[in-house]
There are 2 protein chains.
Amino acid sequence: MRIGELSRRTGVSERALRYYEEQGLLRPQRRPSGYRVYGDADVAAVRRIRVLLAAGLTLAQIVAALPCMVDDDGLLLPSCPELVDELVKHRDRIGEAIGELEATRANLDTIIAAERRAG
Amino acid sequence: MRIGELSRRTGVSERALRYYEEQGLLRPQRRPSGYRVYGDADVAAVRRIRVLLAAGLTLAQIVAALPCMVDDDGLLLPSCPELVDELVKHRDRIGEAIGELEATRANLDTIIAAERRAG
DNA sequence: CTTGACTCTGACGTCAACGTGAAGGTTTAG
DNA sequence: CTAAACCTTCACGTTGACGTCAGAGTCAAG
């Protein structure tokens, strides 16, 4: 398929898809005219990219992560354990932040209750 | 203390500290010379800012959240004592932020589990 | 009273992750 | 055959969270 169809099938803008290629995340084939040609695997690849972005990773980190996330298109690299480490750390930081926010919300609830009693 | 010491004590650059002030997150006193003067409470405030930033919140969101994060250190801004309605809105926004972070973390958990199976 | 560390205010630079638009070539539906 | 739809590269714009000077004022110590 060409870039327009991939865009529709993934919900990712054409501009973003070209940008992902520029960053080394996608490597579509080319027609003599220069048109990019994608395969079905690229649909899955784009979705993985999106999931990782949604998880707060940067494209640079994703470039490093993709070889580890193979379903069939390559080999596991030694960078994998490090990657898992990074992901776990990232998750833990998010967990801390959630804890902070929950404490904040509890504080806020106390204040609201106090003000209701006072007012 | 002045900005240099706050920077050392928090590990946050002086530029960042001035930026936080510019964005309304810090309100240090000033000497006649213009030098910023911070208190111990600001050390805690900066750490909270960093935790929230690490969680992926923007400074704008943090600006909205900080007034509600009272520990008793005088960080109350006019919006807080004002209306319980405001506080409830703030609390709900915090709740939304928690929800987003939890979704992000769930994403990460899925990825981590998948990679562990693969590796 | 001068040195050297510290601080101030601009103001431009950067990086990420795209968006937007120009100027023009290609493919396809009717 | 033509117009729409799609494609190309080039290149500047945007937002967020700062970095990095420049040029000038401030302050504690010798």
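A, B, ... follow the sequence lines: proteins, then strands. Residue 1 opens every chain.
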### Query
Which residues satisfy the salt bridge (charged side-chain N to carboxylate O under 4.0 Å, His left out) test with A:Arg91, sequence neighbours excluded?
B:Asp109
### Task
Return the set of residues passing side chain to side chain contact (heavy atoms under 4.5 Å, CB included) with A:Ser7 (not counting sequence neighbours), or none when no residue passes.
A:Glu14, A:Leu17
### Message
Below 4.0 Å from chain A heavy atoms, what is the first contacting nucleotide of DNA chain C and what is the last?
### Response
C:dA17 to C:dT27
### Query
To the nearest 0.5 Å, how far apart are NE2 in A:His90 and CD1 in B:Ile112?
9.5 Å
### Partners passing side-chain hydrogen bond (donor to acceptor under 3.5 Å, both in side chains) against B:Glu5 (at least two apart in sequence or in another chain)
B:Arg9
### Query
Looking at A:Val43, A:Val37, A:Asp40, A:Val12, which one forms a side chain to side chain contact (heavy atoms under 4.5 Å, CB included) with A:Leu6?
A:Val43
### Query
Distance from B:Arg48 atom CZ to B:Leu25 atom CG, nearest 0.5 Å?
11.0 Å
### Task
Begin from the C-alpha positions of A:Glu102 and B:Ile98 and carry the test side-chain contact (heavy atoms from CB on, under 4.5 Å) through to its verdict.
CA-CA 7 Å; A:Glu102 281 171 345; B:Ile98 290 173; 3.6 Å; yes
### Summary
For nucleotides 23-30 of chain D, 5' to 3', base contacts (B), sugar-phosphate-only contacts (S) and non-contacts (-) with protein non-hydrogen atoms under 4.0 Å give --BBS---
### Query
Do A:Arg18 and A:Ile3 come within less than 4.5 Å of each other through their side chains, counting heavy atoms only?
yes
### Query
Partners of A:Arg36 by salt bridge (charged side-chain N to carboxylate O under 4.0 Å, His left out), sequence neighbours excluded?
A:Glu21
### Query
Roughly how far, to the nearest 0.5 Å, is CE of B:Met1 from OH of B:Tyr38?
10.0 Å
### Heavy-atom donor-acceptor pair, A:Arg30 side chain to A:Gly34 backbone, under 3.5 Å
yes
Quick one: side chains of residues 50-63 of chain A, donor-acceptor pairs under 3.5 Å with protein atoms, not counting sequence neighbours, listed by atom name and distance.
{"from": "A:Arg50", "atom 1": "NE", "to": "A:Tyr20", "atom 2": "OH", "distance (Å)": "3.3"}
{"from": "A:Arg50", "atom 1": "NH2", "to": "A:Tyr20", "atom 2": "OH", "distance (Å)": "2.5"}
{"from": "A:Thr58", "atom 1": "OG1", "to": "A:Ala60", "atom 2": "N", "distance (Å)": "3.4"}
{"from": "A:Thr58", "atom 1": "OG1", "to": "A:Gln61", "atom 2": "N", "distance (Å)": "3.1"}
{"from": "A:Gln61", "atom 1": "OE1", "to": "A:Thr58", "atom 2": "N", "distance (Å)": "2.8"}

List every contact pair, protein side and nucleotides 9-13 of chain D side both N or O, where the distance is under 3.5 Å.
{"from": "D:dT9", "atom 1": "OP2", "to": "A:Arg36", "atom 2": "NH1", "distance (Å)": "3.3"}
{"from": "D:dT9", "atom 1": "OP2", "to": "A:Arg36", "atom 2": "NH2", "distance (Å)": "3.1"}

### Task
Could you say whether B:Ala60 or A:Gly4 is positioned toward the 5' end of DNA chain D, judged by the nucleotide with the nearest heavy atom to each?
A:Gly4
### Task
Tell me which residues in residues 7-14 of chain A put a heavy atom below 4.0 Å from DNA chain D, sorted by number, or none.
A:Arg8, A:Glu14
